[in-house]
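Below you'll find the structure, written out as structure tokens, and then a few comments.
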Amino acid sequence: MSHPRHRLNDVIHSPVRFSIVATLAASDRTEFPFLRDTVEVSDSTLSKHISVLETAGYVKVTKGYVGKRPRTWLSITPEGRGAFKKHCEALRAIASGRLDEEPR
């Protein structure tokens, strides 16, 4: 058995990216300004972290318009949801002290 820290996802482990993925996991689709305000980061910081998550295949970015105003919507992909679930399981194993447990 190896320590559960080895099951932590390096892409999701960043506090900002973890917060982004957690917020997206709670909804079907989220607008960029809502996510920015929820995670409490600047537009540029959010954009940089979204790019990392999108490159990893964890987040889908959809651009469009509402009337004449541009909008950006974000959603978690099935791959992202699975990675988030495994990451959370590893965190729970570490926090609970059950360091020899395999993920469910």
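What's counted below: heavy atoms across the whole structure, side chains too, no hydrogens, waters or symmetry copies.
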- Show your working on side-chain hydrogen bond (donor to acceptor under 3.5 Å, both in side chains) between Ser44 and Ser47 and close with a plain yes or no. CA-CA 5 Å; Ser44 63; Ser47 291; over 6 Å; no
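- Residues satisfying the salt bridge (Lys or Arg N to Asp or Glu O under 4.0 Å) criterion with Arg71, sequence neighbours excluded, are Glu31.
- Side-chain contact between Val52 and Lys48 is absent, with no heavy atoms from C-beta onward closer than 4.5 Å.
- In this structure, the side-chain contact (heavy atoms from CB on, under 4.5 Å) partners of Thr45, at least two apart in sequence or on a different chain, are Val41, Ser42, His49.
- Partners of Thr23 according to the side chain to side chain donor-acceptor pair (under 3.5 Å) rule, which considers only residues two or more places apart in sequence or in another chain, do not exist here.
- Hydrophobic clustering (ILVMFWY, side-chain heavy atoms < 4.5 Å, transitive): Leu74 and Phe34 are in distinct clusters.
- Here the straight-line distance linking atom CD of Glu89 with atom NZ of Lys86 works out to 8.5 Å at 0.5 Å rounding.
- In this structure, CD1 on Ile20 lies 4.5 Å from CD1 on Ile50, to the nearest 0.5 angstrom.
- When every heavy atom of Val39 is checked against every heavy atom of Ser19, the shortest pair comes out as CG1-CB, 4.0 Å.
- With sequence neighbours left out, the ring-ring contact (aromatic ring centres under 6.0 Å, His included) criterion links Phe32 to no other residue.
- Screening residues 53-63 for salt bridge (charged side-chain N to carboxylate O under 4.0 Å, His left out) gives no qualifying pairs among residues at least two apart or on separate chains.
- Arg81 meets the side chain to side chain donor-acceptor pair (under 3.5 Å) test with no other residue; sequence neighbours excluded.
- Closest approach of Ala90 to Arg7, counting heavy atoms only: CB-CB, 3.9 Å.
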Could you list the donor-acceptor pairs under 3.5 angstrom formed by side chains in residues 8-16, with sequence neighbours left out?
from  : atom 1 : to    : atom 2 : distance (Å)
Asn9  : OD1    : Val11 : N      : 2.8
Asn9  : OD1    : Ile12 : N      : 3.1
Asn9  : ND2    : Tyr58 : OH     : 2.9
Ser14 : OG     : Val16 : N      : 3.4

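- Every residue meeting the side chain to side chain donor-acceptor pair (under 3.5 Å) condition with Asp43, not counting sequence neighbours, appears here in chain and number order: Arg36.
- Applying the side chain to side chain donor-acceptor pair (under 3.5 Å) criterion to Ser51, with sequence neighbours excluded, gives no partner residue.
- The shortest side-chain heavy-atom distance between Val59 and Leu24 falls under the 4.5 Å cut-off.
- Atoms OG1 and CG, from Thr72 and Leu35 in turn, are 11.0 Å apart once rounded to the nearest 0.5 Å.
- Between Phe18 and Leu91 there is a side-chain heavy-atom pair separated by less than 4.5 Å.
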